Amino acid sequence: MGDYLKLGGLGLLILYGFIGVNLARDDAFMVHALIIVLVAGGLFLWTLRRIGEPKPVHNENEYMDGVVRAGVIATAFWGVVGFAAGTFIALQLTWPQLNFEWAQGYLNFGRLRPLHTSAVIFAFGGNALIATAFYVVQRTCAARLWGGNLAWFVFWGYQIFIVMAATGYILGSTQGQEYAEPEWLPDLWLTVVWLAFLAVFLGTLVKRREKHIYVANWFYLAFIVTVAMLHVVNNIAVPVSAFGSRSVPVWAGVQSAMVQWWYGHNAVGFFLTAGFLGMMYYFIPKQAERPIYSYKLSIIHFWALIFLYIWAGPHHLHYTALPDWAQTLGMTFSIMLWMPSWGGMINGLMTLSGAWDKLRTDPVIRMMVVSVGFYGMATFEGPMMSIKTVNALSHYTDWTIGHVHSGALGWNGMITFGALYYLVPKLWQREGLYSVRLVSWHFWLATIGIVLYAASMWVTGIMEGLMWREVDAQGFLVNSFADTVAAKFPMYVVRSLGGALFLLGAVIMCYNLWKTVTSVGVKRPATAPVAAE
């Protein structure tokens, strides 16, 4: 009976997709409708061929690692795609001739910039979070993922969302909101997928064999629940047509700005911070073979972070129409975030107490430790930039770009690379990585690339802010906007070089992981989850 209900639902989706292709109001919706037809049609045929076949019985004493392996592959793939797009748009800003005339309206900077940010944050980072959350919750709960094949629905559903969002950007379908560009149809689909993700994670926690819930799972759970709330509230909109990609948001004016940056900063706070802290609290102790430095500090870190972060969004709206008290509230809570953020950084670094020698011999733990260092630096710089007098200089300049990338590449990127290097030999039961030397090459290329990127943006951002506010004796502005653009050229060249080095490191990582799977001998068969790790 269940298969026939699936066929009925897929048939309705196919019908809607065909109607959408025929009646589409714009190219983006036509492509999205075509994706619906292809995916639903493929699933319809797959389900139809298997009607009457015995259903596979899952062994509850075995971890469900197939979906984690798929997540690792997707993370590495989308990482290279996102870094390549970022490097290309950095080159476009440096040499505008790369905005080719034949590609106008599709591959120019304005279309590729949201493609880059979403590919790095949501495709690379999102797949890393889903894969590691599925891995960590099973090991720390000594239980197989709840929901049968629902975890596979989460994985493939998320890939469909990524493709829909990316094609929409290239074809001009965007809400124009930072970190929330996809229009109503991809947003609606992501809501379904994300609720399934929450169900799998919560269900696994409920059926755990280990009484204690390890702190990494608290961070993952906070990330999943809060992102769901942020996504729904920020993206409430009324579609203009059932067959068009455009929609009208319910929020307007200063309310729209407030809701957007409540969402935007907490996307940083819970997607790019809390989720990756869950990664840190599991993989650094495992790679260092040491217990977390202070479990009590990790609990304080968790509750302080999630309470304070949710209030910090208004610091993006200094000197705007937002009420002054709201701006001050955002600044105050941002400064208070120094304490829990640095508490977490200290906890991660001090986990190596008694094992500091590993930094000389193990480039994977070196990568993880550097990521925590970048986390500490970014969480110092962010609150500092939220102070109104500092923000008056930094806002709308490239200093903000440098801050974002030191956090995203240094913290999120490096901890993810470390997790991938840890996971691949475990998931494919290999004796070890193919080449530790290549890991070292990746580490140095990525680190130098981040330093070049962030330092060039700090220099050009401060210069930009000072040029914008320079006035002559009569009070007139000295520099035109074109003057600032011309002055930034050398730093933009350095930024492009830094991005290229970071991309090269990621390509080397993919080669190393591929050779690990295909060339390194098998270590041991998979074991049953008899106890939590």
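Index from 1, following the sequence. Every value quoted in this text rests on a predicted model; they were computed, and no experiment measured them.
Aromatic ring pairs are classed by plane angle as parallel below 30°, tilted from 30° to 60° and perpendicular above 60°; the pair Tyr375 and His301 is tilted. Taking the six-membered ring where tryptophan is involved, the planes of Phe197 and Phe134 are perpendicular, since the angle between them exceeds 60° and thus also 30°. Using cut-offs of 30° and 60° on the angle between ring planes, the pair Phe161 and Tyr158 is tilted. Classified by interplanar angle (parallel below 30°, tilted 30° to 60°, perpendicular above 60°), the ring pair Tyr135/Phe283 is parallel. Taking the six-membered ring for Trp and thresholds of 30 and 60 degrees, Tyr281 and Phe219 have nearly parallel ring planes, at less than 30 degrees apart. Under the 30°/60° scheme for interplanar angles, the aromatic rings of Trp218 and Phe302 are found to be tilted.
Within the 4.5 Å cutoff, the side chain of Thr397 has no heavy atoms near those of the Ile462 side chain. Residues Tyr453 and Trp458 have side chains not in contact (no heavy-atom distance under 4.5 Å, counting atoms from C-beta outward). Between His231 and Thr191, the closest side-chain pair of non-hydrogen atoms falls below 4.5 Å.
A cation-pi geometry, defined here as NZ or CZ lying under 6.0 Å from the six-membered ring centre and within 45° of its normal, does not hold between Arg139 and Tyr282.
Judged as a side chain to side chain contact (heavy atoms under 4.5 Å, CB included), and not counting sequence neighbours, the contacts of Met491 are Ser456, Val459, Thr460, Met463. For the salt bridge (charged side-chain N to carboxylate O under 4.0 Å, His left out) test, residues two or more places apart in sequence or in another chain that qualify with Lys207 are Glu60. For Ser118, the side-chain hydrogen bond (donor to acceptor under 3.5 Å, both in side chains) partners are Tyr169, not counting sequence neighbours. For Phe122, the ring pair (Phe, Tyr, Trp, His ring centres under 6.0 Å) partners two or more places apart in sequence, or in a different chain, are Phe271. Here Tyr492 pairs with nothing under the ring pair (Phe, Tyr, Trp, His ring centres under 6.0 Å) rule; sequence neighbours left out. A search for side-chain hydrogen bond (donor to acceptor under 3.5 Å, both in side chains) contacts involving Trp411 returns nothing, not counting sequence neighbours. Considering only residues two or more places apart in sequence or on other chains, Leu297 meets the side chain to side chain contact (heavy atoms under 4.5 Å, CB included) condition with Ser294, Asn347. By the side chain to side chain contact (heavy atoms under 4.5 Å, CB included) test, Phe307 pairs with Trp311, Phe333, sequence neighbours left out. Evaluation of the side-chain hydrogen bond (donor to acceptor under 3.5 Å, both in side chains) rule for Asn127 yields Gln159 as partners, not counting sequence neighbours. Not counting sequence neighbours, the partners of Val225 by the side chain to side chain contact (heavy atoms under 4.5 Å, CB included) test are Leu198, Leu221. With sequence neighbours left out, Ser440 forms a side-chain hydrogen bond (donor to acceptor under 3.5 Å, both in side chains) with no residue at all.
Heavy atoms of other residues, nucleotides or ligands lying less than 6.0 angstrom from CH2 of Trp152 number more than 12. The environment of Trp356 atom CH2 is dense: over 12 non-hydrogen atoms of other residues, nucleotides or ligands sit within 6.0 angstrom. The local environment of CZ in Phe153 is crowded, with over 12 non-hydrogen atoms from other residues, nucleotides or ligands closer than 6.0 Å. For CH2 of Trp303, the number of neighbouring non-hydrogen atoms (other residues, nucleotides, ligands) closer than 6.0 Å is 12 at most.
The backbone N or O of His403 lies less than 3.5 Å from a partner atom in the side chain of Ser406, making a donor-acceptor pair.
In this structure, Lys488 pairs ionically with Glu464, as a charged nitrogen and a carboxylate oxygen lie closer than 4.0 Å. Salt bridge annotation for Arg113-Glu178: present, with a cationic side-chain nitrogen under 4.0 angstrom from a carboxylate oxygen.
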Residues 382-389 side chain polar contacts: donor-acceptor under 3.5 Å, at least two apart:
residue: Ser386; atom: OG; partner: Pro383; partner atom: O; Å: 2.6
residue: Lys388; atom: NZ; partner: Asp324; partner atom: OD1; Å: 2.7
residue: Lys388; atom: NZ; partner: Thr328; partner atom: OG1; Å: 3.4

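Between His116 and Phe88, a ring centre-to-centre spacing not shorter than 6.0 Å is recorded. Checked against a 6.0 Å centroid threshold, the rings of Phe443 and Phe417 do not count as neighbours. Separation of the His395 and His318 ring centroids does not fall under the 6.0 Å cut-off.
Atom OG1 of residue Thr140 and atom CG of residue Asn217 lie 3.5 Å apart, to the nearest 0.5 angstrom.
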